[in-house]
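Let me begin by presenting the structure, written as structure tokens, before commenting on it.
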Amino acid sequence: MMTVNYWEFAGAVLLAVLPLYVTHYFVLRQMRRESRERLNREHYARKLDALHACYRLLRYTSNTKVRNSYTIITAEGEGPDRKHYFSPALIDAFVDELPEVFYGQGAGLYLSSRVKSRLFEYRDAACQLRQAAGDTTAERVLFADEPTGRKMMELHRQIIELLKEELDVNRLMKKKRHKAQL
């Protein structure tokens with residue numbers, strides 16, 4: 001009859017199972033890492049698409065007159081004789097396109113609350129101008145409310161700064177590294 005040394009048997013089983021367990025552990029770890037990286041890439045790609053869609057809305061908010069301009073606010077003249085005009089039709093187009101970008105294209109999910117609030121503040125100010133103009137069919141209307149116009153120009157500047165801040169890839173990478181260290 002053969003006697004079994006339980007310690008030798010346990011050692012043999014451990015030597016057989018341990019490499020399998022270690023391999024399994026490292027394979028699972030690598031798969032999790034790859035999955036996390038894929039999700040991060042997808043998230044940043046969607047965020048970039050959202051920022052791009054939001055940036056397209058800025059063509060309405062700009063105060064720089066260019067050919068085929070979509071700018072709501074335009075100016076004529078220089079110095080103290082400078083007069084600001086706004087376009088009711090472009091305000092209507094901006095107000096129609098903003099919800100489409102946010103809800104239809106889903107950009108609102110990936111933008112910071114600061115960008116969203118500034119865009120909707122701009123929309124509210126533009127709606128105030130539109131209501132002041134009434135049911136006019138004129139292409140351009142002279143500003144009657146100069147502080148609202150200044151507020152809209154300031155909001156435009158803030159929106160651009162916030163979008164650039166969100167597009168700062170170095171900041172995103174630092175945030176990602178910081179999360180990985182935690």
Side chains of [X] and [Y]: does their closest heavy-atom pair fall under 4.5 Å?
| X | Y | result |
| --- | --- | --- |
| D49 | Y110 | no |
| M31 | V27 | yes |
| R114 | E165 | yes |
| R46 | L109 | no |
| T61 | I72 | no |
| L58 | L163 | yes |

Measure up the Y122 and F94 rings against each other and bin them: parallel (under 30°), tilted (30 to 60°), perpendicular (over 60°). perpendicular

Test side-chain contact (heavy atoms from CB on, under 4.5 Å) on R32 and L28; report intermediate values, then the result. CA-CA 6 Å; R32 286 185 191 122; L28 281 180; 4.3 Å; yes

Walk me through it: do M153 and R150 pass the test side-chain contact (heavy atoms from CB on, under 4.5 Å)? CA-CA 5 Å; M153 289 179 204; R150 275 190 243 110; 5.5 Å; no

Answer yes or no: are there more than 12 heavy-atom neighbours, outside Y55 itself, under 6.0 Å from its atom OH? no

Counting only heavy atoms not in H43, do more than 12 sit closer than 6.0 Å to its NE2 atom? yes

Carboxylate-amine/guanidinium proximity below 4.0 Å for [X] and [Y]:
| X | Y | answer |
| --- | --- | --- |
| E166 | K47 | yes |
| R59 | E97 | yes |
| R38 | E34 | no |
| R157 | E154 | yes |

Between [X] and [Y], what is the shortest heavy-atom contact and its length?
| X | Y | value |
| --- | --- | --- |
| P88 | A138 | CD-O, 3.8 Å |
| L90 | Y60 | O-CD2, 3.9 Å |
| V95 | R123 | CG2-CG, 3.9 Å |
| F86 | I91 | CD1-CD1, 3.6 Å |
| L167 | L51 | CD2-CD1, 3.5 Å |
| A125 | M152 | CB-CG, 3.6 Å |

For the hydrophobic clusters of this structure (ILVMFWY residues joined by side-chain heavy atoms under 4.5 Å, transitively), does one cluster hold both V22 and L15? no

One pair to check against side-chain contact (heavy atoms from CB on, under 4.5 Å): C54 and L119. What are the steps and the verdict? CA-CA 9 Å; C54 184; L119 277 168; 3.2 Å; yes

CG/D124 to OG1/T148 distance, rounded to the nearest 0.5 angstrom? 11.5 Å

